[in-house]
S.K.: 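One structure coming up, written as structure tokens, with questions to follow.
Just so we're clear, the structure is a prediction, and the values are computed from it rather than from any experiment. Convention: sequence-line order gives letters A, B, ...; per-chain numbering from 1.
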2 protein chains.
Amino acid sequence: MKNEDARRAATLADVAERAGVSAKTVSRVVNEHPSVRDTTRERVKAVIAETGFQLNLAARSLAASQSYLIGTFVADTASLYYSELARGAARACRALGYHLVTEEFDQRNPVAADHYERTLRQTRCDGMILPPPLCDDLALLDALERDGVRYVRISPMLDPDRSVAVFAHDADGVSQLARHLWEKGHRRFGVINGPSNFASSATRRDALIAAVCALGGSASDVTASKMLWDGTFPATGYRTAAQLLKDAPDISAIFTFNDELALGVLGYAHENGLRVPKDLAVAGFDDSDASSFAWPSLTTVSQPIVDMAVRAVQALVRDSPHARRRIECPVRLVIRASTGGE
Amino acid sequence: MKNEDARRAATLADVAERAGVSAKTVSRVVNEHPSVRDTTRERVKAVIAETGFQLNLAARSLAASQSYLIGTFVADTASLYYSELARGAARACRALGYHLVTEEFDQRNPVAADHYERTLRQTRCDGMILPPPLCDDLALLDALERDGVRYVRISPMLDPDRSVAVFAHDADGVSQLARHLWEKGHRRFGVINGPSNFASSATRRDALIAAVCALGGSASDVTASKMLWDGTFPATGYRTAAQLLKDAPDISAIFTFNDELALGVLGYAHENGLRVPKDLAVAGFDDSDASSFAWPSLTTVSQPIVDMAVRAVQALVRDSPHARRRIECPVRLVIRASTGGE
DNA sequence: TTGAAAGCGCTAACAA
DNA sequence: TTGTTAGCGCTTTCAA
């Protein structure tokens, strides 16, 4: 697949000749090196504008041994999460002169390190963004470190100080939610946990318990249930809600690990004559499309995924290679009809 | 951002030396050129495995004047569509030895051609995938052709024969849907159109009318309304449904351009005491998450977006530069509760 | 502030 | 079947 009839693109040398300077000077102008006389710079810039010259990324990469590429993964499962992540990452890359390379990650065949070595490695990415659950794939981290490829992890669970890591301030959002529910008069709470390989699953449950205690309740007011997986999140939410309400019938509010689980809880309520939010308040997490489309619309906590991706790319490009910091991004409680918000 | 402490990666020359052959021979092995003696090939492959050698993409691009990069855009608006597209494209790229570069596309500042020239151009992508609405940006197409960059368009509206174009067979899905509704006894239909800059908006409406006529009805049995935009799709669906049912109170089934509009219709039905599907059947399009999470779950037409992206990449890599064909991908009617499916 | 020369790691074109 | 040579279009390093 060669694009035969491409008009040969202008090169540095072409621009140099037309501007009557050396190629190196053009390079200095393009890279905004300060030591170029203003008049020279203007002349070169004029020729660049005229010719539409753009650096050849491959040549630059080769010479500078920097690829100006940031890599990331999309999971092989439909999710708004990854589309937001890509959006934020692409936006930040563009602002910093980088490009975003996306690779598909196969959840069922989780030898991510192998996948990396056989494909992404040849791009010599300058950095990688690792969303969950890849951020906790230790073999992948080892492989990246071996190649000297830096990485930033999004919401990692394991060994959070091993690298720069970006977190949403989940606990804060959950505690806002607890306060909201408490003010609406709720005293007994149900929690449907998420997958155990997501750090945030335990974090969110614990944050709810802590918040309820801080408001004057006790840990025994919160009944947590792990997911009874049933194929999809909504189906799982449905099934787990049934169990939860059987185990603790006095629960008046259910908080779920994500919005999709909450949709299942809503479905359960509908089918069993529980009015939402009168008989049962329901709250999710993520502020995905699902939450605003739900009936009634779902109270949820909005994760700033786009921002998190932007921060990740910035850290990749600007931090020193051995930086190991925690970047915490604020979340936002979105109150909707399912908890009696207006 | 240089990864200073990267162990210097093995090069072709390193492998050549260790295997006792010329660099060119190693190149032939890596590129699966047939004219290498089996014994030589094995020896070289062994050294490659041993050293973990991987071609340097930048060097290869420069020498071969091919980037092995495919470019695409994510819109700056959350949508499963783009995440599925990226997924399919990444999968196909990987299979063919290419990499996927993603750029954010700003809907509000739609000078896509300019955007391309200032950023993606430096990657010298071998090909581009253009989803709607970019596929109909004539200035962008001109710019790509000027640079000799080939492109494949997904569901273009304008000038469909200008390039290879991939389509979902919308009309077929709509006609299956019409038959299903007809069999359920519906005779008067409402249609909520999509944005007028999407070709499929008119296609789907017309397909419904044609299908109804084919079933023995007439064009006047279908009342179409353009969207009364209200900030989001669900809100728009709500508002448009209200208008539609006022204009044509005898409608018993509403078909919308996408699932999100249908969610608004469902909300309208709930708030106005219309039982779904008893009083009003509702059907959407796309089979997005929204449709299975809706209450009741939504009958919809499933677009094979992942497949479409795969086909697009394959066409990019394998077709001749001047190919101009139409690739039609089959859709699938998904019958759920909102039309009385079981 | 500017330029000249060398070379990044690969492939194309040719020769053996 | 294999090897040699000469670049691809930049940046680096060093010199002017």
Side-chain angles (χ1 to χ4, degrees), chain A residues 1-4 6-44 48 51-69 97 121-124 126 147, chain B residues 1-4 6-44 48 51-69 97 121-124 126 147:
Chain A
M1 168 188 181
K2 220 154 171 175
N3 290 314
E4 303 290 354
R7 259 188 351 188
R8 188 178 145 284
T11 67
L12 258 190
D14 297 336
V15 174
E17 193 186 332
R18 292 189 49 164
V21 295
S22 74
K24 182 61 220 180
T25 297
V26 177
S27 168
R28 287 188 180 107
V29 171
V30 172
N31 291 295
E32 294 175 333
H33 190 98
S35 70
V36 178
R37 192 173 298 152
D38 282 353
T39 56
T40 314
R41 190 196 323 282
E42 292 319 315
R43 191 147 34 94
V44 172
I48 288 174
T51 53
F53 167 74
Q54 279 263 286
L55 280 182
N56 179 318
L57 188 69
R60 176 146 96 139
S61 301
L62 186 57
S65 36
Q66 257 194 277
S67 65
Y68 297 93
L69 256 28
R121 188 190 229 171
Q122 65 181 247
T123 61
R124 305 289 195 271
D126 292 333
D147 286 355
Chain B
M1 171 187 181
K2 219 154 174 176
N3 290 313
E4 303 290 355
R7 259 190 347 190
R8 189 177 145 285
T11 67
L12 259 190
D14 297 336
V15 173
E17 193 185 332
R18 292 187 51 160
V21 295
S22 74
K24 183 63 217 176
T25 299
V26 177
S27 169
R28 286 186 180 107
V29 171
V30 172
N31 291 293
E32 294 176 333
H33 190 99
S35 70
V36 177
R37 191 174 298 152
D38 283 351
T39 57
T40 314
R41 192 198 319 284
E42 291 319 314
R43 189 150 34 95
V44 172
I48 288 175
T51 54
F53 167 74
Q54 279 264 287
L55 239 27
N56 179 317
L57 188 70
R60 175 146 96 139
S61 300
L62 187 57
S65 36
Q66 259 194 275
S67 65
Y68 297 93
L69 255 27
R121 188 191 229 170
Q122 65 181 247
T123 61
R124 306 289 195 270
D126 291 334
D147 286 354

S.K.: For residues B:L12 and B:S27, report the shortest heavy-atom separation together with the two atoms involved.
M.R.: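 It is CD2-N, 3.7 Å.
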S.K.: According to a strict under-4.0 Å criterion, is B:S22 in side-chain N/O contact with OP1 or OP2 of D:dT2?
M.R.: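 The answer is no; no side-chain N or O of B:S22 sits under 4.0 Å from OP1 or OP2.
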S.K.: Counting only side-chain N and O atoms of B:T40, is one of them less than 4.0 Å from OP1 or OP2 of D:dT2?
M.R.: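 For D:dT2, OP1/OP2 do have a side-chain N/O of B:T40 under 4.0 Å.
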S.K.: Scan A:S35 against the nucleic acid and name what it touches under 4.0 Å (heavy atoms): base, sugar-phosphate only, or nothing.
M.R.: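 Base contact.
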S.K.: Between the base of C:dG3 and the side chain of A:R28, is there a donor-acceptor distance below 3.5 Å?
M.R.: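 Checked by distance alone, the answer is yes.
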S.K.: On DNA chain D, check which nucleotide each of B:A59 and B:P34 is closest to and give me the residue with the more 5' one.
M.R.: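 The residue mapped nearer the 5' terminus is B:P34.
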S.K.: Considering heavy-atom distances to DNA chain D, does B:R124 or B:A23 have its closest nucleotide positioned more toward the 5' end?
M.R.: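 It is B:A23 whose nearest nucleotide is closer to the 5' end.
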S.K.: Ignoring backbone atoms, establish whether A:S27 has a side-chain N or O less than 4.0 Å from OP1 or OP2 of D:dT11.
M.R.: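 Checking A:S27 against D:dT11: at least one side-chain N or O falls below 4.0 Å of OP1 or OP2.
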S.K.: Choosing from D:dT11, D:dG3, C:dT11, which nucleotide comes nearest the side chain of A:N31?
M.R.: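 When the side chain of A:N31 is considered, D:dT11 is the closest of D:dT11, D:dG3, C:dT11.
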S.K.: Quick check on D:dC8: is either OP1 or OP2 less than 4.0 Å from any side-chain nitrogen or oxygen of B:S65?
M.R.: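 No, B:S65 has no side-chain N/O under 4.0 Å of OP1/OP2 on D:dC8.
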S.K.: For the side chain of B:K24, counting heavy atoms from C-beta on, which of D:dT2, C:dG9, D:dT4 is nearest?
M.R.: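 The nucleotide sitting nearest to the side chain is D:dT4.
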S.K.: Base, sugar-phosphate alone, or nothing: which one does A:T11 contact when heavy atoms must sit under 4.0 Å apart?
M.R.: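 Sugar-phosphate contact only.
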S.K.: Among C:dT2, D:dG9, C:dT11, find the nucleotide with the atom closest to the side chain of A:R37.
M.R.: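 Side chain of A:R37 sits closest to C:dT2.
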